[in-house]
Amino acid sequence: MHVQADSSLVTISGTDDSIRQRLMAERDRLRRDAGLSDVKHFQRPQERAFLAHERDQVTILFGGLTWKHESLIRAVFQGNRYRCETLPVPDVAAFQLGKEYGNNGQCNPTYFTVGNLVQFLQSLEAQGLSRQEIIDKYVFFTAGSCGPCRFGMYEAEYRYALQNAGFDGFRVLLFQQTDGIKAASGEPGLKFSVNFGLGMLNALNLGDVINDLIYQIRPFEMSAGQTDKVFAEAVDGLCHTLQYRKPFEFMEDGPVWLTERLAKKNGIKNTLSVLCKIWDHLYGKEFLGAVETCRDQINKIDVDRTKVKPVVKITGEFWAQTTEGDGNFHMFRFLEREGAQVLVEHIATWVAYMLHVARKGAEARRDIERPYRHPAWWELRKHLANEMKFRKKIVMFDIGEAMWTHFYHRICDRLGGITHHLVPQEELSRLAHPFYHQLARGGEGYMEVGKNVYYTVNHLCHMVLALKPFGCMPSAQSDGVQSAVINRFRDMIFLPIETSGEGEVNAHSRVQMALGEAKAKAKAEFESVLKSTGKRLDDIRDYVAGHPELRRPFYHVPHRPGIAGTAAQFVAHVSDLMESKHRFWHRSGSAPFVQSGATA
Ligand code: SF4
């Protein structure tokens, strides 16, 4: 054996095999001594692959998001020639089925989602399909992770519950948080193409922005039901485009003079083709045209922004704050019925969080991931190599974060420009860090605390409502520190609600109590702003009646720092408009004096 060492690297050559054998023998001895020689480790079950030739016969099932996201995602699947169906919104019966067939001690999104799948498969059986037909003709597509919370167990839980419910062999396809798309068996029946990936990006971004818009507009609609109707039509239009738009093909759609020259140069041709596809998906005429049509449809809704409503920011666990059913006690509809305006969270925030955490993790591992562990001070080449490796990684994360933010904001700006931009993760983690370590991963990590502080200190809401499922480990940690946060920020109204699957009445009544305080806060804020304008509410309403553009949902009301309520922001702005008009007429002398607040 020959061992060669320098100050930073150790290389071993020669009889590697003999070293390995001695190591294995020693490991065996230790295992025998510890009584572990007969232990059988868990092996991921080998599942039948979902193969490309099955695409025409097999239906992909998925669910768990809002109806807007799901409709748009389904359109992308179908546009890429997959058969696809969305699962219904999980209800309490699904939750109970999940408990019946799943393991004990899971968090409740596991029960809801697992039970929902089993419930759907049972409904297929009730319609006359045999179990074998169901197993052959359907697959389930879901997100997966390696943890650190119970999210890492979802895949195994699906399999376990399906087995217990009599659907052993039903295929589960994973969208891994870290690995992209792959069949659990490794077989790429579901192919990640440029068209598929960018279609999904657009679907997710559009779903987020439209979801945000609905909750901003519906509380102020002047004709009950108009928002739901218009948004249903608008989403249909977008789905149609995502499904039927013709994908850009360089050799067909590129300029003839170029395609002819590149006909035999496959490398350049393929690169150009990919770049053109990306451009077409993000900024192509057809896509942007559909977004514009959607914007115009939405902008026809009549809104009255003078209704005073407390703004309730929703935070909490990813699934509980996204679902719109029994999984969170229909909380958003309940809040709206109770007179609140809901600030929902975007899926894009979670993706930005994952990118940020990966970047921070790379920073924390900087020293242990250096190629040269202990270079002497004069070994500049090695120092440089260490630095370069680290910098390269960080630059890649920075580019990823910047691109993700840009893609999301592109849709916000094109769809009316009134939806909330992503809060910088650096800011959220900075605000949370005194209470919750930014590297403590799992669930929403530092974000629950960070958002609570951010929305309160910036006066962006009157109350924060954290929806967290029963049995959620990261949310339990967050709640532990929220009492310290509340002590620090005394005017914060924060309510954590555990969504246990049962106990809806109890949860609603707790929310009602906190909302009472938030309503009082919103009302006091509104009255103080109105008073500061020196006008009566009727004067403001009269002015709005004479300016129909102020009733359009996409009329841009400039944000005033320190004011959270939509109505308060609006009256302050209208008052400014009235005064500027008054000043104009008064200065120009071209019209008789118009009293502040008079109808134009
Ligand atoms: S974040 Fe909480 S509820 Fe969600 S999977 Fe993890 S433990 Fe379960």
Side-chain angles (χ1 to χ4, degrees), residues 62-66 69 87 89-92 94-96 98-99 101-117 140-161 172 174-178 314-329 331 344-354 356-358 425 428-429 432 436-452 465-482 496-503 507:
F62 77 100
L65 304 173
T66 72
H69 292 91
L87 292 174
V89 179
D91 55 14
V92 174
F95 167 76
Q96 281 156 353
K99 280 192 129 175
Y101 292 118
N103 267 310
N104 287 334
Q106 298 300 306
C107 49
N108 86 32
T110 326
Y111 292 135
F112 269 105
T113 49
V114 167
N116 198 34
L117 176 61
F140 181 58
F141 175 65
T142 186
S145 152
C146 63
C149 70
R150 291 194 188 92
F151 195 20
M153 297 295 297
Y154 274 32
E155 182 193 359
E157 270 302 307
Y158 280 119
R159 295 215 164 87
Y160 182 69
V172 178
L174 282 190
F175 179 85
Q176 288 273 9
Q177 266 181 304
T178 49
I314 301 294
T315 66
E317 188 266 350
F318 176 80
W319 185 80
Q321 68 179 350
T322 307
T323 188
E324 294 176 309
D326 287 348
N328 61 13
F329 305 133
M331 193 55 81
V344 284
E345 196 48 83
H346 317 118
I347 294 174
T349 307
W350 194 53
V351 177
Y353 160 73
M354 286 193 294
H356 189 72
V357 164
Q425 288 294 320
L428 286 181
S429 71
Y436 198 102
H437 198 285
Q438 57 182 210
L439 290 179
R441 293 190 307 123
E444 297 264 313
Y446 58 77
M447 280 204 297
E448 286 192 41
V449 174
K451 285 180 203 167
N452 196 6
L465 176 64
L467 298 170
K468 39 209 52 207
F470 173 74
C472 173
M473 295 187 294
S475 284
Q477 270 173 217
S478 287
D479 278 358
V481 298
Q482 293 285 18
I497 285 286
E498 200 171 64
T499 56
S500 59
E502 289 109 1

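In this chain, numbering begins with 1 at the start of the sequence shown. Counting starts at 1 for both ligands and their atoms, following the listed order.
For atom 4 (Fe) of ligand 1, the count of nearby protein N/O/S atoms, taking only those under 2.8 Å, is 1.
The aromatic rings of W350 and F151 sit tilted, their planes meeting at an angle between 30° and 60°.
Between the side chains of S429 and Q425, not a single donor N or O lies within less than 3.5 Å of an accepting N or O.
Atom-to-atom distance recorded for T349:OG1 and F318:CZ is 9.5 Å, nearest 0.5 angstrom. Of the inter-residue distances, the one linking S478 atom OG with K451 atom NZ reads 10.0 Å to the nearest 0.5 angstrom.
Under the rule for a ring-ring contact (aromatic ring centres under 6.0 Å, His included), Y101 has no partner lying at least two apart in sequence or in another chain.
For ligand 1, the atoms lying closer than 4.0 Å to a non-hydrogen atom of Y154 are 5 (S).
F140 and Y158 have their aromatic ring centers within a separation under 6.0 angstrom.
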